[in-house]
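By convention in this document, chain letters (A, B, ...) are assigned in the order of the sequence lines, proteins followed by strands, and residues within each chain are numbered from 1. All values below were derived from every heavy atom in this structure, side-chain atoms included, with hydrogens, water molecules and symmetry-related copies excluded.
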Amino acid sequence: MDTQDLELIINTLNPQQQEAVLYTDGPLLILAGAGSGKTRVLTNKIAYLNKQFNVPLYNILAVTFTNKAAKEMQERVEKILGTSSAHHSDQWITTFHSLAFKILQRHSEAIGYQKGLVIYDSSDQVSLIKKILIDMDIDIKTIKPRAILNGISNAKNSLITPETLVNKADNSFKETVAEAYTQYQKKLLLNNAMDFDDLLLNLLKLFKEHDDILSIYQKKFQYVLIDEYQDINMPQYMISYLLSSKHKRIYVVGDADQNIYSWRGANLQNILNFEKDYPGAKTILLEQNYRSTGTILNISNEVIKHNKIRKDKNLWTENAVGEKAECFIAHNEYDEAEHVARQISQSIHAGTDPNEIAILYRTNAMSRVLEESMMQLGIKYKIFGGLRFYERKEIKDILAYMRLILNPSDDIALIRIINVPQRKIGKLTIQKLMDKAFEEKKPIMEVIDTMTELRSIQSVQTFRQEINKLRLAWDAGTMTLTDLIMKIFEDTGYKKMLKEEGTQEAQTRSENIQELCASTQESQYTLEEFLSLSALLTSQDEAQESDSTVTLMTLHSAKGLEYDHVYLVGFEEKCLPHVQSLDIPTELEEERRLCYVGMTRARISINLSVASYRSAYYEKANPQDISRFFREIPKDLLNIQLSKKLNTFNHIVSALKDEYDLKIPAVRSIQLVRNKTHYDEDDKNVSYNYNVGDIVTSPMFGEGQVIKTIGQGNAISLQIKFPQGSKLIMPKYGKLTKVE
DNA sequence: CATCCTCACCTTTTT
DNA sequence: GGTGAGGATG
Ligand SMILES: Nc1ncnc2c1ncn2[C@@H]1O[C@H](COP(=O)(O)OP(=O)(O)OP(=O)(O)O)[C@@H](O)[C@H]1O
């Protein structure tokens with residue numbers, strides 16, 4: 001039996017991969033390009049350690065980049081080992097942040113925290129820092145809270161303490177950051193809370209200050225495996241170093257070309273110096289790509305070669321050559337989105353599994369237009385990123401109640417919900433409570449009784465009683481999380497509030513809370529586990545795999561994933577590469593790596609698209625140049641397709657036409673000619689006579705009503721409201737018929 | 001104290 | 001195009 005399993009683990013790998021799995025004597029660095037099976041090696045290695053050496057899974061620490069990746073790896077390991085190895089409860093295939101949280105929860109007192117740690121997500125951070133800045137008499141209009149938080153986060157990622165930052169501050173902004181940082185950490189501690197960065201820092205602190213505790217985990221984690229090592233930051237590097245410093249059984253995999261998180265402290269040096277930091281380390285290169293077609297690999301390799309700061313590597317495949325990459329030149333982002341949605345729709349009708357299609361973009365904001373097109377064509381899709389479930393107002397409100405029940409000194413939670421639903425406790429009252437708490441350096445709950453002069457003190461006391469009642473009920477220990485959520489929802493009047501609002505939106509919110517409830521039905525978590533988990537879960541973890549849906553996400557989120565068909569939209573200068581990185585060579589190279597990551601997600605096809613004009617949210621449409629990365633793709637591996645909707649003169653087309661074989665859309669070229677002759681006639685003979693209110697039919701959109709006319713004569717444009725939305729159409733081109 | 005309105009400004013990427 | 005701060009009004 002066992003030997004069979006072992007063979008299964010080994011035989012599905014090529015010789016280099018096998019070597020990587022079998023080598024267990026000391027530090028191991030696996031350097032490899034995209035799709036070469038790095039993750040597969042790690043997965044099989046875990047299975048191998050378990051099967052060959054009987055290493056229980058609880059002695060193996062495997063760190064992945066996202067919770068989703070961790071879950072996937074867990075599932076794959078389970079599949080290889082069979083369900084018999086149900087060490088379910090004590091599995092450590094996880095992310096650095098979850099690892100830190102799990103450990104810190106157990107030892108919070110050792111670093112000056114109490115039990116019941118709370119994790120602050122980014123909106124909690126913002127409200128806390130705002131509060132601090134206001135206390136510091138700083139105008140949050142001139143100094144943006146986000147900027148301060150960035151400064152703090154950068155400091156943390158470089159292991160700089162508040163004190164050091166104060167000493168290093170050499171201008172007033174830095175001084176502000178340093179002072180805010182100091183206050184921020186104090187407040188967090190007071191609220192028994194940590195932000196994401198603190199999880200790592202505090203774990204490090206725990207390990208550094210408590211040899212005995214470190215030693216427990218060094219013994220526990222006999223093997224340390226780390227995926228995506230190129231995107232590890234300083235604290236993460238230190239944590240993995242400490243954990244493996246006794247036994248040196250640390251196996252890491254990474255690809256320097258996929259380093260895309262340097263902006264949040266990921267340091268390439270960590271992987272480049274691995275052999276130096278871990279003397280005697282063995283390095284294995286994986287060079288065969290199993291994921292993509294020859295063409296896709298070729299294109300990606302050519303693009304990434306243009307990075308100067310880079311070691312070249314030889315990545316090859318035995319897969320079929322495959323199709324050329326498509327590149328669609330659209331008029332604007334709407335045209336682009338429509339085209340992408342059409343293509344996808346056709347592809348799905350032709351039998352493609354929607355789950356095997358992904359649309360990738362540089363910024364979250366770009367998803368909206370795409371979503372609209374997907375909806376119009378009735379294509380089911382899911383979005384990674386954007387607003388997470390746990391970041392929705394109503395969910396956070398309920399969670400805030402839960403936080404306050406768990407931890408009465410959580411002022412942020414208190415302020416969030418003290419007047420939701422309304423209890424006639426206004427800004428002034430809250431301000432006074434905050435001031436008092438600030439003065440006395442006590443949590444708000446504890447200063448309430450000293451504030452008898454407040455007009456709405458009665459409401460505040462009632463509120464406190466309400467919370468205390470809920471806490472009492474919970475502490476009795478007979479309630480499940482589901483019960484608690486329902487009780488909060490009903491007893492606080494939240495449900496009533498939503499009901500009375502009566503809007504569609506309120507209905508949705510109510511449903512979301514029900515969903516939160518449902519999600520706790522089967523969980524075994526304690527209240528604090530549940531709360532912190534909810535802060536750690538990202539949008540990536542929430543998606544249900546069951547449906548057949550197309551995936552939309554940012555290039556960053558696509559890391560580590562793979563799809564048959566990849567649509568890479570916004571392949572433009574200022575977009576990819578992003579405008580903010582154009583002047584900074586190192587960041588430009590990171591953009592190129594991002595492009596490389598995106599392209600190498602594809603197994604079968606890459607579909608690029610470019611919008612000739614794109615409007616950045618508040619601006620009007622700006623002409624866009626095609627991405628420099630486009631020119632780095634070998635010409636013979638590209639099929640360029642022009643949109644029918646392009647203006648007669650298009651800057652991208654004229655820039656490309658001498659070098660590239662541009663396919664003029666067949667329909668359009670005929671139309672052009674025909675229109676040209678018509679045009680002359682039109683000029684003389686036809687006068688378009690459309691007025692607001694006219695009913696028209698269009699072959700493309702069906703029946704609609706004119707809601708606006710722009711221009712006149714044969715150059716008239718009509719804004720027409722169709723069932724699926726309003727369109728701007730020129731009757732000259734649009735073949736409209738007037739319905740009398 | 002609550003609600004409605006206006007105006008400014010905006011996110012690049014995420015655990 | 002949307003969110004949040006701040007002001008005017010009930
Ligand atoms: N030896 C092999 N034989 C067949 N298929 C393989 C082999 N090794 C890996 N694969 C497949 O190749 C694909 C890529 O593997 P994997 O995700 O492990 O690569 P990776 O190096 O982690 O990629 P990336 O760095 O791009 O995320 C997967 O579908 C995997 O199943």
TODO: Give Tyr261(A) one of three labels, base, sugar-phosphate or nothing, depending on what nucleic acid heavy atoms sit under 4.0 Å from its own.
DONE: sugar-phosphate

Task: Nucleotide nearest Trp263(A) when distance is taken to its side chain, options dT12(B), dT14(B), dA2(B) - done: dT14(B)

Open item on the list: As a test of your reading of the structure, name each stem of DNA chain C as range with range, where a stem is three or more consecutive Watson-Crick or G-U pairs at under 3.5 Å.
Closed with: B:1-9 with C:2-10

Task: Member of Asn202(A), Leu203(A), Leu204(A) meeting the side-chain contact (heavy atoms from CB on, under 4.5 Å) criterion with Leu206(A) - done: Leu203(A)

Task: Rounded distance (Å) that lies between atom C1' of dC1(B) and atom CZ of Arg423(A) - done: 15 Å

Open item on the list: Can a side-chain donor-acceptor contact be found between Glu228(A) and Gln230(A) if the only test is distance below 3.5 angstrom?
Closed with: yes

Open item on the list: Measure NZ/Lys156(A) against P/dT14(B) and give the value in whole Å, please.
Closed with: 20 Å

TODO: Check every atom of dT15(B), dT14(B), dG2(C) against the side chain of His556(A) and return the nucleotide holding the closest atom.
DONE: dT14(B)

Task: Distance test, side-chain N/O of Asn364(A) to OP1/OP2 of dT14(B), below 4.0 Å - done: yes

- [ ] Could you tell me which residues satisfy side-chain hydrogen bond (donor to acceptor under 3.5 Å, both in side chains) with Gln580(A), sequence neighbours excluded, listed by chain and number?
- [x] none

Open item on the list: Quick check on the 6.0 Å ring-centre criterion: do Tyr361(A) and His556(A) meet it?
Closed with: no

Task: Any Ser98(A) side-chain N or O less than 4.0 Å from OP1/OP2 of dT15(B) - done: no

Task: Set of residues satisfying side-chain hydrogen bond (donor to acceptor under 3.5 Å, both in side chains) with respect to Asp197(A), sequence neighbours excluded - done: Ser153(A)

Sort me out a list of protein N/O and nucleotides 4-10 of chain C N/O pairs below 3.5 Å, or just none if empty.
from, atom 1, to, atom 2, distance (Å)
dA5(C), OP1, Lys130(A), NZ, 2.3

Open item on the list: In whole Å, I'd like the distance from the CZ atom of Arg264(A) to the C1' atom of dT15(B).
Closed with: 5 Å

- [ ] List the steps and the verdict of salt bridge (charged side-chain N to carboxylate O under 4.0 Å, His left out) for Asp198(A) and Lys205(A).
- [x] CA-CA 10 Å; Asp198(A) 282 339; Lys205(A) 184 173 166 197; over 6 Å; no

Task: Of residues 571-586 of chain A, the positions that come close to DNA chain B - non-hydrogen atoms, cut-off under 4.0 Å - done: His578(A), Gln580(A)

TODO: State whether Thr554(A) places a side-chain N or O below 4.0 Å from either non-bridging phosphate oxygen (OP1 or OP2) of dT12(B).
DONE: no

TODO: For Arg509(A), enumerate each residue passing the side-chain hydrogen bond (donor to acceptor under 3.5 Å, both in side chains) test, keeping only those at least two apart in sequence or located in another chain.
DONE: Glu505(A)

Task: Minimum-distance nucleotide to Thr95(A) side chain [options: dT14(B), dT15(B), dT13(B)] - done: dT15(B)

Task: Interatomic distance where CG belongs to Asp197(A) and P belongs to dT14(B) [whole Å] - done: 15 Å

Task: Separation of dT13(B) P from Lys559(A) NZ (nearest whole Å) - done: 16 Å

TODO: Establish, with yes or no, whether the OP1 or OP2 oxygen of dA2(B) is under 4.0 angstrom from a side-chain nitrogen or oxygen of Asn419(A).
DONE: yes

Open item on the list: From CD of Gln125(A) over to P of dT15(B), roughly how many Å is that when rounded to an integer?
Closed with: 13 Å

TODO: Verify the ring-centre separation between Tyr237(A) and Tyr229(A): is it less than 6.0 angstrom?
DONE: no

Task: Presence of Ser122(A) side-chain N/O under 4.0 Å of dT14(B) phosphate oxygens OP1/OP2 - done: no

Open item on the list: Please check: side-chain N/O of Ser581(A) versus main-chain N/O of Pro577(A), any donor-acceptor pairing under 3.5 Å?
Closed with: no

Task: Gap between atom OH of Tyr567(A) and atom CD1 of Ile606(A) - 0.5 Å precision - done: 12.0 Å

Open item on the list: Any donor-acceptor pair under 3.5 Å linking the side-chain atoms of Asn259(A) with those of Arg593(A)?
Closed with: yes

TODO: Answer with base, sugar-phosphate or nothing: what part of the nucleic acid does Arg146(A) contact at a heavy-atom distance below 4.0 Å?
DONE: nothing

Open item on the list: Is it true that, when you exclude Gln458(A) itself, more than 12 heavy atoms of the residues, nucleotides or ligands shown sit nearer than 6.0 Å to its CD?
Closed with: no

- [ ] Using atom CD of Gln422(A) as one end and atom C1' of dC4(B) as the other, report the distance to the nearest whole Å.
- [x] 13 Å

- [ ] Grab the CD1-C1' distance between Ile143(A) and dC9(B) for me, whole Å please.
- [x] 17 Å

